[in-house]
Number of protein chains: 2
Amino acid sequence: MTDIDQTGNTPRSAVPTLRAGKSSPTIYDIAELAGVNPSTVSRALSKPGRVSAKTAQKIMDAAEQLNYQVNVFARALPTGRTQTIGLIVSDITNPAFFDVIRGAESAASARDYTLMLAESAESADLELTAARRMLATVDGLILASPRLSDEEIASLAAKKPVVVINRNVDGVPSVIADADAGVSDAVRHLADMGHTEISYVAGPERSWMSARRWESIKARCDWHGIMAAVVASSQPTVDGGRRAAATVRAGTATAVICYNDLMAIGLMRELQAAGLEIPNDLSIMGFDNIFGSDFTTPPLSTIKSPLGELGAAALQHVLAALDHADAAPTLPALPTELVLRGSTGRVKGS
Amino acid sequence: MTDIDQTGNTPRSAVPTLRAGKSSPTIYDIAELAGVNPSTVSRALSKPGRVSAKTAQKIMDAAEQLNYQVNVFARALPTGRTQTIGLIVSDITNPAFFDVIRGAESAASARDYTLMLAESAESADLELTAARRMLATVDGLILASPRLSDEEIASLAAKKPVVVINRNVDGVPSVIADADAGVSDAVRHLADMGHTEISYVAGPERSWMSARRWESIKARCDWHGIMAAVVASSQPTVDGGRRAAATVRAGTATAVICYNDLMAIGLMRELQAAGLEIPNDLSIMGFDNIFGSDFTTPPLSTIKSPLGELGAAALQHVLAALDHADAAPTLPALPTELVLRGSTGRVKGS
DNA sequence: CCCACTTTGTCAACCGGTTGCCAAATATTG
DNA sequence: CAATATTTGGCAACCGGTTGACAAAGTGGG
């Protein structure tokens, strides 16, 4: 009662006999129909070249006729392989991950792998649970900005190939957005606009990426002779940005770079609510160029991360590790890029 | 070389013998250690009450000691069950799905199911591929605002439990946000503000939900004696909203309700760019209350959908269908709610 | 034409669980 | 205490593929 013709062709009237009570055909059904041994069917289907073209064709025809689909569990049982890669993002709600997901997904499809997605809602515990669960059913795992400890990540990586995005963990391959390129342009732009003192609203204390971004900013500011200081924050979210507003106002910097766009948006809105004009009274810049960063008034200037490329590169690296377990080539850092919009401008009165 | 102590306790010095060359313990290892038959182990682990408390305890201890984890494939092979539910969203990039995902995910965790997420990037083809792939490894499937045809959905539903979110497909259970409640308040609000003519910028032509929203708006407008007309659109995205701007300007309506927030944002930004003042020159309202809908200036007034509840309800319904294959209770429609912000206001000169 | 070598297909064991059936052990009852 | 009812555990078959070992068939060279 279940046989729906999936091709849209005229429905074949009768599907050749299946074993009674069985809902889906197996290689045994194909073997019988094609007059060969089941193992030959298995080889024809998964070991190209192992059987003669003639029998292979017979088997393909039979498979087609029965509308055969491999049972992934049966295949996974002896091989352990599922053609699936897991991706865990720390927060599905953070638009920064959109493109990471898209990038990984399309890289996966291109190689006939399926992407399995999970999120940890910013909780290290949930993340560990999700990672463990996934690891059981997946050939490899990508962790995007994980909240896990280095040890936990290493322990996962000991079991199956793991690639980390935007974080550096000893012994675990990672793909990283190189802040320098974008920061260099951004700081030069601010310098051109007459700024001589800027603040960096940092991300989470334990965030490796936040530290890197600050390093990069500090280095460029020194080069330009600009004063730079860090403002600590609570969370890398819109709310976190809002809460940093008081500290920012108390300071004397004329430009602020935030750890990410979410914070920049929160900061901007809070300051605007308090009567400041952006960018006249203060220039604000974010990181990542997320969805919605141009919704604000003024639209946000930001340092764009190669999010899609990061996702794709991570996936490709997992696949490479799967192919030749030895090779672990260092990955090129992917460059960031300045996106100038309306939230940065000339220092007042200059 | 792989045995990482996962508990954080002092590492046990020696893990009891495993069969040579095996990486992870099986029920056979447990059986040996506990001095019982493998089938007893299987029962102790998955059929509570089937074995005596005493042996169950012995087995649990042995399992703990070996750090046992079931092999999901081996379990799935005979049973066909994976404790996994799939969720396919039409566009991971659409913030409206955030809460749907979160809602479904937490409902799944609560029942010890894992959620498997995929997206179709707004393509019916990709969606079908993703759905087919998922169906093979998943106990049930949730389709959020699917792009598939009714027939395709029905054909998927013929194989495993499927629940559709925000769409009505004959014979397939669905959970739906009831526009009426929110629309009723919204139209009353607009009437109070002096509006006598409003436009509805529609979603995709084939969108069931868009039609329902329009019906609801039309009915309420009639009730209030307000003129209402539909403006067709291209896509339910920010860009789609932008492209509707010209048509909207050409009309005489003083308030516009858009199919979703994304469109409302696009429309608003485009009109602002053209010099209109919102809400003075025109009131704009969206649907859903997505992330970012309060980033705009003015922040968007919108009719909030119970997105999280939708996701959770869908998941629970799939689980219910799995439990008692017969029961298919009709699901209560979940109410929407008006969220008033700055993009709607009094008609100019009134 | 024979022999060595390669290709192709078969057999059977295995992956790690689940489950129907049965017998042994234990509990209940008159 | 015997007879019956109920638990409890073991045996073995099964889920649907994969794969090493081997034999049959095919190929080519001398």
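Below, read A as the first sequence line, B as the second, and so on, with proteins coming before strands; counting in each chain starts at 1. When reading the values below, keep in mind they use all heavy atoms of this one structure, side chains included, and skip hydrogens, waters and symmetry mates.
What separates CD of B:Gln83 from P of C:dT18 is a distance of 11 Å, to the nearest Å. Rounded to whole Å, atom C1' of C:dG16 lies 14 Å from atom CD of B:Gln69. In this structure, A:Arg81 places its CZ atom 19 Å from P of C:dC15, rounding to the nearest Å. Taking atom NZ of residue A:Lys54 and atom P of nucleotide C:dT8, one finds them 10 Å apart after rounding to whole Å. When rounded to the nearest whole Å, the span between CG of A:Asn37 and C1' of D:dA25 equals 16 Å. In this structure, the CG atom of A:Leu77 is 12 Å from the P atom of D:dG16, given to the nearest Å. Separating the CG atom of A:Leu45 from the P atom of D:dT18 is a distance of 7 Å, rounded to the nearest angstrom. Taking atom CG of residue B:Asp29 and atom P of nucleotide C:dG17, one finds them 9 Å apart after rounding to whole Å.
With hydrogens and angles ignored, a donor-acceptor pair under 3.5 angstrom links the side chain of A:Ser39 to the base of C:dC11. No donor-acceptor contact under 3.5 Å links the side chain of B:Arg43 to the base of C:dG17.
Of the candidate nucleotides D:dT19, C:dC11, D:dG16, D:dT19 has the atom lying nearest to any side-chain atom of A:Lys47. Candidate nucleotides D:dT18, C:dG16, D:dC11 were compared by shortest atom distance to the side chain of B:Thr26, and C:dG16 ranks first. In the set C:dG16, C:dG9, D:dG10, the nucleotide with an atom closest to the side chain of B:Val36 is D:dG10. For B:Thr40, the side-chain atoms get nearest to D:dG10 when compared with the rest of D:dG10, C:dT10, C:dT18.
Nearer to the 5' terminus of DNA chain D, by closest-nucleotide assignment, is the contact made by B:Thr55 (compared with the other of B:Thr55 and A:Arg50). Toward the 5' end of DNA chain D, the nearer of the two residues A:Ile27 and B:Ala56, judged by each one's closest nucleotide, is B:Ala56.
Aromatic rings of B:Tyr28 and B:Tyr68 (six-membered ring for Trp) have centroids beyond the 6.0 Å cut-off, not under it.
Counted by atom type alone, A:Ser109 and A:Glu105 present one or more donor-acceptor pairs between their side chains at under 3.5 Å. With hydrogens and angles left out, the side-chain atoms of B:Asn166 and B:Ser145 include no donor and acceptor closer than 3.5 Å.
Taking 4.0 angstrom as the limit, B:Ser52 places none of its side-chain polar atoms (N or O) nearer than this to OP1 or OP2 of D:dT7. Contact between the side-chain N/O atoms of B:Ser42 and the OP1/OP2 oxygens of C:dT19 is not found at any separation under 4.0 Å. Between C:dC15 and B:Asn71, no contact under 4.0 Å exists linking OP1 or OP2 to a side-chain N or O. Proximity of B:Tyr68 to the phosphate of C:dG17: a side-chain N or O atom is located under 4.0 Å from OP1 or OP2.
Salt-bridge annotation for A:Asp91 and A:Arg147: absent, with no side-chain N of the basic residue lying under 4.0 Å from a carboxylate O of the acidic one.
Side-chain contact between B:Arg111 and B:Leu315: absent, with no pair of heavy atoms (C-beta onward) separated by less than 4.5 Å.
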